[in-house]
Amino acid sequence: MTRRDGPFFARDRQWHPPALAPAYRSSVARSPRWPALSIGQTRSEITGPVFRPDDVAAIDRDLILNHARDGEPVGERIVVHGRVLDEEARPVPNTLVEIWQANAGGRYRHRNDGYLAALDPNFGGCGRALTDAEGRYHFRTIKPGAYPWRNGGNDWRPAHIHFSVFGTGWAQRLVTQMYFEGDPLIPRCPIVNAIPDPEAVDRLVARLDMNAAIPFDCLAYRFDIVLRGRRATFFETRPEGT
Amino acid sequence: MPPPLPYLKETPSQTAGPYVHIGLAPSVAGLSGAMGDLGQDIAGPEAPGERITVEGMVLDGTGAPVRDAVIEAWQADAAGIYPHPEDPRHAEAAPGFRGWGRACTDFETGIWTFETVKPGPVPGPDGALQAPHVNLWIVARGINLGLATRLYFSDEGEANRDDPVLGLIDQTHRRDTLMARREDRDGAVVYRFDIHLQGEHETVFLEI
């Protein structure tokens with residue numbers, strides 16, 4: 001078997017949103033003006049944090065129950081599931097996936113969120129899971145609501161779930177957002193539109209997955225996540241210590 | 001046109017947004033409950049090495065503190081070993097050493113802090129040694145793709161001079177943006193490291 005122990009594939013910066021996307025106003029003062037310096041990858045970038053089963057509990061992936069106080073949260077019950085793969089479609093097992101989201105009314109349980117929609121006493125909006133041997137993850141949650149945000153005078157975020165993923169090496173670290181198939185707010189969102197290529201946006205849109213829905217209980221959405229792939233080192237003589 | 005090669009494309013990044021704490025540091029968001037914050041202890045109590053505090057601010061292009069950022073650190077132990085299977089010496093990593101931590105900028109002061117041990121030098125390309133460093137990754141509202149950088153230590157003059165990554169920075173004065181300044185504060189060792197997202201003192205961010 002070919003050992004994939006070379007560097008990670010270079011990141012395609014034209015595929016990701018640029019640092020400065022003026023229509024997303026917060027990016028204006030928070031975007032570096034210098035290009036990032038390419039340093040290749042050393043042991044520091046190829047290694048990365050390792051997570052263990054005891055870093056997460058089984059209930060952490062069930063957002064319907066993990067903050068329930070005196071009942072279950074209000075809203076549309078859904079399963080969100082998928083695989084974490086690399087760019088060669090190889091599964092990324094045992095990696096930490098963290099999610100966070102608003103409740104069904106579009107309100108976050110966060111001390112800085114002052115949106116007038118009500119908090120749900122039974123919903124926290126935070127989940128964690130490790131992928132299994134085939135790179136699979138699944139969460140059970142409530143479909144988040146859209147909400148207004150201070151950008152333009154009448155900007156609304158499409159319903160979304162934030163994802164954070166590690167992979168096996170520091171160079172694969174990624175945060176992103178998952179949207180829902182059919183949401184008319186997706187093409188109106190300045191954060192989404194910071195991504196130049198519509199094909200790239202499409203990768204963030206989870207598909208309704210009726211085969212994974214639980215009859216008389218939950219609908220399901222499927223969202224696969226792709227992390228950077230890694231070169232094989234057939235021809236390279238790796239110097240001692242790299 | 002021949003058909004394209006069957007590679008998948010990396011999932012595009014999106015900002016972590018202002019409510020990132022719910023997912024990455026729930027207690028900071030104000031969530032009470034069973035899920036504790038991950039990444040609160042980089043080194044563990046047993047790891048040998050000099051115990052240090054690293055602190056700083058994240059500043060935007062106007063010089064204002066960014067009060068809703070999350071910073072992650074990944075570092076080797078005091079012997080320069082990463083606790084990861086691809087470090088050939090990983091079996092000898094310090095007991096209880098995770099190497100990874102997470103800190104949030106304070107909602108009022110904008111200051112972030114890590115308690116850790118000072119890392120040792122790490123083997124680099126072609127057998128050269130890399131100066132001791134901590135790898136950092138920063139996300140926040142307004143940051144579309146997480147920013148990678150490195151923190152080096154101001155008291156490692158000779159190692160810093162020979163460091164292969166610092167050596168790639170053409171504008172030599174910009175190397176200073178990666179230097180954490182050592183201070184002795186009531187007997188404790190504190191390294192100060194401010195991250196400038198933009199402006200005259202913009203930090204050197206890395207394509208890794």
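No hydrogens, no waters, no symmetry mates; every other heavy atom, side chains included, goes into these values. Residue numbers begin at 1 in each chain, while the letters A, B, ... track the order of the sequences. All figures in this text were calculated on a predicted structure; none of them were measured in a lab.
- Of the two parts of A:Asn66, only the side chain, counted from C-beta on, holds a non-hydrogen atom closer than 4.5 Å to a non-hydrogen atom of chain B.
- Neither the backbone nor the side chain of B:His196 comes within contact range of chain A; no heavy atom of the residue lies under 4.5 Å from a heavy atom of that chain.
- Contacts of B:Pro164 with chain A are absent, with no heavy-atom separation under 4.5 Å from either backbone or side chain.
- Using a 4.5 Å cut-off between heavy atoms, A:Phe163 does not touch chain B at all.
- For the pair B:Met35 and A:Ile59, the minimum side-chain heavy-atom distance is 4.5 Å or more.
- Every pair passing side-chain hydrogen bond (donor to acceptor under 3.5 Å, both in side chains) that includes a residue from residues 53-82 of chain B is listed here, sequence neighbours excluded: A:Arg30-B:Asp68, A:Ser44-B:Tyr82, A:Thr47-B:Trp74, A:Arg173-B:Glu72, B:Thr53-B:Glu115, B:Glu55-B:Arg185, B:Glu55-B:Arg192, B:Asp60-B:Thr62, B:Asp68-B:Arg141, B:Glu72-B:Trp100, B:Glu72-B:Arg102, B:Gln75-B:Thr116, B:Tyr82-B:Asn135.
- Looking only at distances, a side-chain donor or acceptor of B:Gln198 sits under 3.5 Å from a matching main-chain atom of A:Val28.
- Looking only at distances, a side-chain donor or acceptor of B:Arg98 sits under 3.5 Å from a matching main-chain atom of A:Val50.
- No side-chain donor-acceptor contact under 3.5 Å links A:His110 to the backbone of B:Val20.
- The closest donor-acceptor contact from the side chain of A:Arg111 to the backbone of B:Val28 lies under 3.5 Å.
- Using a 4.5 Å cut-off between heavy atoms, B:Ser32 touches chain A through backbone and side chain atoms alike.
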>> Run A:His160 and B:Tyr19 through ring pair (Phe, Tyr, Trp, His ring centres under 6.0 Å) and show every step you take.
In response: CA-CA 13 Å; A:His160 63 276; B:Tyr19 307 122; 9.4 Å; no
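- Heavy atoms of A:Ala89 lying under 4.5 Å from chain B belong to its backbone as well as its side chain.
- For the pair B:Ile208 and A:Ile39, the minimum side-chain heavy-atom distance is below 4.5 Å.
- Using a 4.5 Å heavy-atom cutoff, the side chains of B:Leu145 and A:Pro17 are not in contact.
- Counting heavy-atom pairs under 4.5 Å between each of A:Pro35, A:Ser164, A:Ala171, A:Ala36 and chain B puts A:Ala36 at the top.
- For a residue to count as touching a neighbouring chain, one of its non-hydrogen atoms must lie under 4.5 Å from one of that chain's; by this rule B:Leu147 touches chain A with the side chain only.
- Contact of B:Ala25 with chain A is not made at all, since no heavy-atom distance falls under 4.5 Å.
- Partner of B:Glu207 under the salt bridge (Lys or Arg N to Asp or Glu O under 4.0 Å) criterion, chosen from A:Arg11, A:Arg228, A:Arg13: A:Arg13.
- The backbone N or O of A:Ile191 sits less than 3.5 Å from a side-chain atom of B:Gln14, completing a donor-acceptor pair.
- Of the possible polar contacts, none joining the B:Glu86 side chain to the A:Ile46 backbone as a donor-acceptor pair under 3.5 Å is found.
- For A:Arg109 against B:Leu31, the heavy-atom pair with the smallest separation is O-CD1, 3.1 Å.
- The closest side-chain heavy-atom distance from A:Thr42 to B:Val122 is not below 4.5 Å.
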